[in-house]
Amino acid sequence: MKVLTTLLSFFLTFSVFGAATITLQNNTPLDLSFDLVINGTLEEAPAEMYEQLNDALDGWEKKKLMLEINEAFAAEGETFSFRLKCNEIPNLSLFCDLSLAGNGFNYTLIGTAPGSQPVNLGEAELAEIPFSFDGREYLWKLEYKQEDTDEFPFLAAIHDLVPYEVSAEDLADKNVLNVMSYNTWMMTPPFGPDHMFTRAHSFADYIDPDLDVLVLQEVFDDSVRVHFFNPDLAELGYVHQAGPANNDDMNVFASGVVVYSKWPIVFTAEYHFDSCNFNSFDCFANKGILYAEIDKMGKPYHLFGTHMEAGGNESDVHIKKMQLGEMRRFIEAQNIPNDEPVIMAGDFNNSPNHGNGLFTAVRDSLNPLMPDHI
C-alpha cells in the first residue's frame, strides 16, 4: 500500500528577536520518544542557540517542552533546521527551518504523518492531520501562537481519536455503567455564545446511544433543555431525567447540572454550595451537587454530578477546597451502603497538571478510584 505523507507549512516573519519553543502533548496511551536532527549553516551552532530539553513523551503526558531556540545567538544570513522525529510511529515528524533576516527570524514549519493528504496551516491556526497507526486512528495537531513576551511557541499534539470505546453489550450487563460527563456551554446570550442553539440542535447527533447515563453541566438555558435536549435525548433512549439542580428564582442561573439516564432514577437530592467567590461570575449560578440514584436491572448506582468554582487564583482555589469538603459531607449524608458503587462526575475545574494542590485535595477529600487516564 502506498503511504502518503502529509505536509503542513506556514511562513512567519517576526520583527523582533526572542525565543522559539516546541512543546509536545501526548493524548494517547503510547510511550513515545523523539530524536532531534540538526542541519543547515548552524549545524555547529553554539550551545546557547538551542537546547533539547526532553526526548521522551509518556502516555497521556501533557505539554512537555522538547526544544528551545534562542535567536539572539545567530548571525544574519544563517539558517537553522531541525527535525523532531518520532521513533515509534514511522514518518511522524515535525520539521522547522529558520533563516535569519534583518528583521528577525523567518520560520517554516512542516509536519509529517503517514496516510493523509496535505493540509496548509496559516498563522495562528490549528491544523489537524488524521493518520492510522497499528490499526488505530489518530490526529497529529499543530498550533502556533505568538505571545506578548517575544516568544513564539509551537505546540504539537498526538491525539487518540477513540480514547474509550462503548460496547452495546454493556447495556445488558447490570455490573457495567457507562457514564459520560460533559460541559455543554449552554449559556443564554449575551452570557454565552451566539451559536448556542446551533449546537443544541445537533447535540444528540454526537451522543453515543450505548451509554447508560449522561451527566451534563452548564445546561443553563431552559429552552435548550426543554426543546432540544429532552426530546432529542429521549429518542436515543435517555428517557429519565433529574435536574437542573438548585432551580429557583433567587439567582440568575440554576446549577446547570442535569442527569439523563436510560435506567430509572429512583431517588434524587441536591445541594447548593455554601462557598462561593463573590468576586467571580460563578456566583450568578446556584452551583452545587445533583445526586441521582439509578436502578440498572436491580443494581443501584449512586451518581453525584457537580460543577465547581472556576478560576485559578488563590481565592478560587480556597473556595474549591471548601466545596470538596461540602461534597464529601453531602455524599456521606446519603448513608450509601459500602458495597454500592458511587460515581462522581462533572466539571471539577481543576487539573493534575496544576501545582496548586487541588488535585491532591480531590483525592484526599473524596477518596476516589481514579480512571486509567485523565
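FYI, the numbering just counts along the sequence from 1.
- The stretch residues 290-303 participates, sequence neighbours left out, in these side chain to side chain donor-acceptor pair (under 3.5 Å) pairs: N175-K299, D212-K296, Y291-H302, H302-E340.
- Among residues two or more places apart in sequence or in another chain, the salt bridge (Lys or Arg N to Asp or Glu O under 4.0 Å) test is passed with R328 by E332.
- In terms of the side-chain hydrogen bond (donor to acceptor under 3.5 Å, both in side chains) criterion, D58 has no residue partners (sequence neighbours excluded).
- Among L67, L53, L155, L65, the one residue that satisfies the side chain to side chain contact (heavy atoms under 4.5 Å, CB included) test with T21 is L65.
- Note that CD of E326 is 12.0 Å distant from CD1 of I331, once rounded to the nearest 0.5 Å.
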Using the rule given for salt bridge (Lys or Arg N to Asp or Glu O under 4.0 Å), can you reason through K64 versus E61, listing the C-alpha separation, both sets of side-chain angles and the distance that settles it, and then say yes or no? CA-CA 7 Å; K64 194 168 190 178; E61 189 162 7; 3.3 Å; yes
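- With sequence neighbours excluded, no residue forms a salt bridge (Lys or Arg N to Asp or Glu O under 4.0 Å) with K321.
- By the 4.5 Å heavy-atom criterion applied to side chains, I158 and I89 are counted as neighbours.
- Listed for the E68 side chain is no donor-acceptor partner under 3.5 Å among the backbone atoms of M66.
- The shortest side-chain heavy-atom distance between F133 and P114 does not fall under the 4.5 Å cut-off.
- With rounding to the nearest 0.5 angstrom, the OG1 atom of T23 is 14.0 Å from the NZ atom of K62.
- Summarising the geometry, atom CD belonging to Q241 is positioned 9.0 Å from atom CG belonging to L233; distances are rounded to the nearest 0.5 Å.
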Evaluate side chain to side chain contact (heavy atoms under 4.5 Å, CB included) for F203 paired with D232, printing each intermediate quantity in order. CA-CA 8 Å; F203 180 81; D232 294 348; over 6 Å; no
Which is it for M322 and E309 under the side chain to side chain contact (heavy atoms under 4.5 Å, CB included) test, yes or no, and what are the steps along the way? CA-CA 10 Å; M322 298 290 289; E309 178 84 14; over 6 Å; no
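- Atom CG of L303 and atom OG of S181 lie 10.0 Å apart (nearest 0.5 Å).
- Using a 4.5 Å heavy-atom threshold, the side chains of Q334 and F304 count as touching.
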Tell me, with the steps shown, if F273 and I289 meet side chain to side chain contact (heavy atoms under 4.5 Å, CB included). CA-CA 8 Å; F273 285 133; I289 310 162; 3.8 Å; yes
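- In the model, S33 has no side-chain atom that pairs as donor or acceptor with a side-chain atom of D55 under 3.5 Å.
- By the 4.5 Å heavy-atom criterion applied to side chains, F154 and E143 are not counted as neighbours.
- Minimum interatomic distance between N178 and D210 (heavy atoms only, all atoms of both residues): ND2-O, 4.5 Å.
- Between D160 and E137, the shortest heavy-atom distance links the atoms OD1-O, 3.8 Å.
- Counting only N and O atoms by type, the side chains of N230 and Y260 include a donor and acceptor under 3.5 Å apart.
- No side-chain heavy atom of V257 sits less than 4.5 Å from a side-chain heavy atom of L216.
- The shortest heavy-atom contact between S261 and V213 is OG-CG2, 4.0 Å.
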The test is side chain to side chain contact (heavy atoms under 4.5 Å, CB included); show your working for F34 and L57 and say whether it passes. CA-CA 8 Å; F34 292 81; L57 196 64; 4.3 Å; yes
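- Not counting sequence neighbours, Y238 has no partner by the side-chain hydrogen bond (donor to acceptor under 3.5 Å, both in side chains) test.
- In this structure, CG in L290 is found 8.0 Å from CZ in F330, a value given to the nearest 0.5 Å.
- In terms of heavy atoms, F267 sits closest to A269 at CE2-CB, 4.1 Å.
- In this structure, V342 and I336 have side chains that are in contact, with non-hydrogen atoms separated by less than 4.5 Å.
- Under the 3.5 Å distance criterion, the side-chain polar atoms of R199 are matched with a main-chain donor or acceptor of T184.
- Two residues are said to be in side-chain contact when any heavy atoms from C-beta on lie closer than 4.5 Å; M186 and F220 fail this criterion.
- Among all heavy-atom pairs drawn from A200 and V224, the shortest one is CB-CG1, 3.8 Å.
- When the side chains of ILVMFWY residues are joined at heavy-atom separations under 4.5 Å, either directly or via intervening members, V239 and M297 end up in two distinct hydrophobic clusters.
- Nearest heavy-atom pair across W140 and A157 is CE3-O, 3.4 Å.
- Note that NE2 of H159 and CG of N26 are 11.5 Å apart. Values are rounded to the nearest 0.5 Å.
- With hydrogens and angles ignored, the 3.5 Å screen pairs no side-chain donor or acceptor of S365 with any backbone N or O of L324.
- With sequence neighbours left out, S93 forms a side-chain hydrogen bond (donor to acceptor under 3.5 Å, both in side chains) with R83.
- Using a 4.0 Å cut-off between a side-chain N of Lys or Arg and a carboxylate O of Asp or Glu, E128 and K141 qualify as a salt bridge.
- Around atom CG of N338, no more than 12 heavy atoms belonging to other residues, nucleotides or ligands sit under 6.0 Å away.
- Side chains of N183 and D347: a donor-acceptor N/O pair is present below 3.5 angstrom, by distance only.
- Contact check for I207 versus L236: side-chain heavy atoms found under the 4.5 Å cut-off.
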